[in-house]
Amino acid sequence: MDKSRGNNKNVDGNSKNEQLDQYRVENTGKRITTNEGLKVANNDATLKAGARGPVLMQDFHFFQKQMHFDTERIPERVVHARGFGVHGEFELYKSMKNYTKAGFLQEPGSTTPVFVRFSTVQGGKGSKDTARDIRGFAVKFYTAEGNYDLLGLQFPIFVLHDAFKFVDSQHALKPEPHNDMPTASAAHDNFWDFVANNQESAHFVMWAMSDRALPRSWRMMEGFPIHTFRFENEQGKATFVKFHWKPTLGVHSLLMEEAQIIGGVDPDYHRRDIREAIERGAYPVFELGVQLLDEKDTDIFDFDFLDPTKFWPEEIVPVEKIGKMTLNRNVDNFFAETEQVAFDVTNLVPGINFTDDPILQGRTFTYKITQQHRLGGSNYPEIPINQSLCPFHNNQRDGFKRHRIDVDQVNYFQNSIANNTPGPTPQEEGGFAHYPDKVEGFKVKEISESFNDFFSQARLFWNSMSPVEKQHIIEAFSFELAKVDRPAIRQQVVDMFVNVDKEMATIIADNVGANPPAGDHVPVTASSPAVSQAHTPHYAFSLRVGVLIGNGFKGEEVRKVIDTLQQNGVFVEVISEKLGTVTGADNSKIKVTKTFLSTHSVLFDSFYVVGGSSDNQWEFDRYITEFINDAYKHYKPMGIATTAATYIEPDNLEGIVFARNNATFNQDFVSAITKRRFWNRK
Ligand code: HDD
């Protein structure tokens with residue numbers, strides 16, 4: 001195999017990266033060959049009977065090239081089809097030894113390579129990143145004890161409390177089968193019909209209608225593996241655990257209108273965002289938090305602690321941060337790594353185990369089936385991105401695309417020829433064993449009564465929202481339901497959501513032509529501040545600011561502002577009429593990185609408006625005014641250079657910082673960018 005290295009040659013001592021090195025192939029500067037290595041003399045034309053004649057079948061080079069192309073697509077994931085993967089590293093802050101024997105959670109400071117894939121659920125592989133949707137947040141830890149996969153979503157709860165209806169929920173969510181519409185959207189009859197007729201979905205739907213469903217960036221999104229898992233320590237003592245990924249940049253969202261426009265102007269918005277951030281060295285960091293619950297405390301909630309439609313409020317069980325994951329390397333090849341990575345909720349390590357969470361139980365076989373179907377057989381763990389760092393040994397043999405060559409005569413257990421090897425590892429020496437939970441009961445196809453509380457946390461969530469967040473939820477429901485054709489479904493949905501909040505449901509009903517819902521309002525006082533984005537941290541770091549500029553700017557003024565932005569880690573793009581440079585009044589030049597035509601206001605968090613002169617001043621001013629109007633409408637901060645004051649007035653608008661007569665303009669502008677949105681604008 002060609003040992004030459006790609007862009008990611010292993011310079012950082014990451015052991016997974018080192019393992020991948022042996023598979024990286026560089027083709028630049030090489031001679032073209034067939035897949036069997038035969039160098040060929042012609043790489044332009046098919047072999048023909050005469051230059052204008054028919055193609056001859058014996059052109060095996062053409063045949064192989066065409067055949068490979070004809071078969072180069074594999075089935076996309078049935079859900080989570082659209083996704084994007086990046087490499088990184090997990091570092092432990094705090095030993096979890098008292099709770100779990102998992103090797104990678106023992107030594108503070110120890111590091112474990114990870115691969116993370118972010119995804120959307122509804123749309124196909126070629127859909128858009130910014131759909132209102134569920135986001136997958138799947139992490140593969142390449143530990144010394146084998147791969148550990150922690151699959152999560154950007155919500156802490158699931159849509160169902162029994163896996164039997166998973167297929168129904170996904171069929172209902174996906175484009176309708178008779179017309180394959182809509183793409184990347186749940187705004188259709190089937191989905192809302194499912195919701196109204198499966199009311200355990202209420203809490204999940206509240207999250208899906210909230211700003212959480214429209215992340216500004218995957219770097220600014222929480223991840224929740226949702227289930228109650230079980231830690232087990234060396235002494236065999238178990239502790240229940242819920243995991244959290246908390247982005248150090250805080251949790252931030254797009255507005256619904258921004259997300260919709262971005263879906264058109266840059267469907268790759270989130271993948272571009274994370275890839276660029278990593279290229280610029282602004283590595284996304286997520287802290288791993290745990291909520292721990294002793295076996296004797298499982299009755300502290302007024303809901304079933306195994307119910308996957310409930311989160312454990314952080315105010316009741318605090319989240320302890322035990323480590324951080326830094327995403328610091330882009331993939332070399334999307335297909336080889338991101339498309340072929342195979343996550344599986346049963347990829348466990350000793351010390352972390354299942355519970356009887358009914359959704360978790362239902363997932364334990366499905367991932368293997370889907371990977372086998374997608375990746376063409378059972379040998380997908382041999383694909384480089386899926387290989388564990390430790391070797392594997394067993395008596396499984398053969399199958400499509402078997403790469404390894406097992407040289408032993410023995411392929412069965414028990415045996416005497418190989419002295420009963422490969423054989424089991426006792427638990428004390430690191431062998432995985434299922435937790436010896438006591439189970440008893442009749443075989444029944446039933447759902448426990450304790451899971452039949454559909455609305456209490458949906459109410460808690462609503463009650464925890466800020467007024468702006470509540471307004472957005474109402475708008476989201478009103479948008480989605482307005483796209484539902486059948487009035488009866490719209491009515492059922494508003495009648496259902498009275499159980500969350502009567503005022504909310506009544507406003508939505510009015511917006512979508514339904515009758516005012518009849519049910520009674522259930523008052524609620526409890527709230528969980530942690531679920532509201534109103535309390536999230538804010539930074540200017542790695543936000544995108546566009547400089548709207550033409551010729552004739554004041555060089556020193558503009559350079560100082562751009563320098564300040566860059567010192568604060570802001571990603572600056574210079575936007576003008578044409579690529580090339582703009583020239584200041586002092587003859588200084590600034591490189592233009594985007595044109596008015598090639599970008600859009602929604603792709604930025606803020607603007608620095610400089611203005612300038614142009615051969616077509618009317619057109620130039622029109623573009624600048626459009627950018628300003630959009631940004632203003634989207635509550636974004638703007639900094640106005642001394643040369644641009646005429647574009648915007650009056651000069652006391654919220655979040656608009658003027659340079660004129662302002663000695664602290666640079667700091668004021670950065671503070672405004674940090675704040676991100678100015679909600680009190682009219
Ligand atoms: Fe799942 C993919 C997360 C419930 C069946 N799931 C998938 C992915 C994530 C999750 C992040 C994408 C992995 C990737 O990027 O390749 N799934 C979850 C979470 C769930 C959950 C957090 C509930 C708490 N899933 C769930 C259930 C079932 C499945 C109940 C079926 C019984 N999930 C699948 C799947 C997928 C999948 C069909 C599709 C593609 C894949 O597995 O690799 O097997």
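Everything numeric in this text was worked out from a predicted model, so none of it was measured. All values below come from the heavy atoms of this structure, side chains included, with hydrogens, waters and symmetry mates left out. Every number for a ligand or one of its atoms is a count from 1 in the order of the listing.
Taking atom 16 (O) of ligand 1 as the reference point, the nearest protein heavy-atom neighbour is R77 NE, 2.7 Å. Here the protein heavy atom with the shortest distance to atom 31 (C) of ligand 1 is F166 CD2, 3.2 Å. Looking only at protein heavy atoms, the nearest one to atom 23 (C) of ligand 1 is F158 CD1, 3.4 Å. For atom 24 (C) of ligand 1, the closest non-hydrogen atom on the protein side is H227 NE2, 3.2 Å.
Residue G362 approaches ligand 1 through these ligand atoms, each under 4.0 Å from one of its heavy atoms: 32 (C). Taking every non-hydrogen atom of I226 and a distance limit under 4.0 Å, the qualifying atoms of ligand 1 come out as 22 (C), 24 (C). Close approach of ligand 1 to V78 is summarised as follows: ligand atoms under 4.0 Å from at least one heavy atom of the residue are 38 (C). Listed by number with element, the atoms of ligand 1 under 4.0 Å from a non-hydrogen atom of Q371 are 41 (C), 43 (O). Heavy-atom contacts of I359 reach the following atoms of ligand 1: 23 (C), 30 (C) (cutoff under 4.0 Å). Applying the 4.0 Å criterion to heavy atoms of R117 picks out, from ligand 1, the atoms 14 (C), 15 (O), 16 (O).
Cation-pi check for R404 over F392 is met; the charged atom lies under 6.0 angstrom from the ring centroid and within 45 degrees of its normal. Judged by the 6.0 Å and 45° rule, K242 forms no cation-pi pair with F224.
In this structure, P308 falls outside the shell of residues with a heavy atom less than 4.0 angstrom from ligand 1. Using a 4.0 Å cutoff on heavy atoms, G152 counts as a contact of ligand 1. At least one heavy atom of F137 sits less than 4.0 Å from an atom of ligand 1.
Ring pair F158/H227: centre-to-centre distance not below 6.0 Å. Ring centroid separation for the pair F194 and H171 does not come in under the 6.0 Å cut-off.
Remark: D294 engages K237 in a side chain to side chain donor-acceptor pair (under 3.5 Å) (not counting sequence neighbours). Residues satisfying the side chain to side chain donor-acceptor pair (under 3.5 Å) criterion with R219, sequence neighbours excluded, are S217, D273, S542.
Q387 and Y23 share a side-chain donor-acceptor pair at under 3.5 Å.
Inclusion of T370 in the set of residues having an N or O under 3.5 Å from an N or O of ligand 1 is not warranted. Not one N or O of S119 is nearer than 3.5 Å to an N or O of ligand 1, by distance alone.
Atoms CD and OG, from Q19 and S388 in turn, are 7.0 Å apart once rounded to the nearest 0.5 Å.
For atom 1 (Fe) of ligand 1, the neighbouring protein N/O/S atoms at less than 2.8 Å, given as residue and atom, are Y367 OH.
The ring pair (Phe, Tyr, Trp, His ring centres under 6.0 Å) contacts involving residues 270-304 comprise F137-F286, W218-H270, F301-F303, F301-W312, where partners must be two or more places apart or lie in separate chains.
Classification of the H434-F354 ring pair by plane angle, with boundaries at 30° and 60°, yields tilted. Ring geometry for F343 against F115 counts as parallel: the plane angle stays under 30°, on a 0 to 90° scale with 60° as the upper cut.
The pair D268-R82 meets the salt-bridge criterion, with a side-chain N (NZ, NE, NH1 or NH2) lying under 4.0 Å from an Asp/Glu carboxylate O.
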inquiry  = I'd like to know whether K310 forms a salt bridge (charged side-chain N to carboxylate O under 4.0 Å, His left out) with D304, so could you lay out the CA-CA distance, the side-chain angles of the two residues, the decisive distance to 0.1 Å, and finally the verdict.
reply    = CA-CA 8 Å; K310 304 286 187 301; D304 191 323; over 6 Å; no
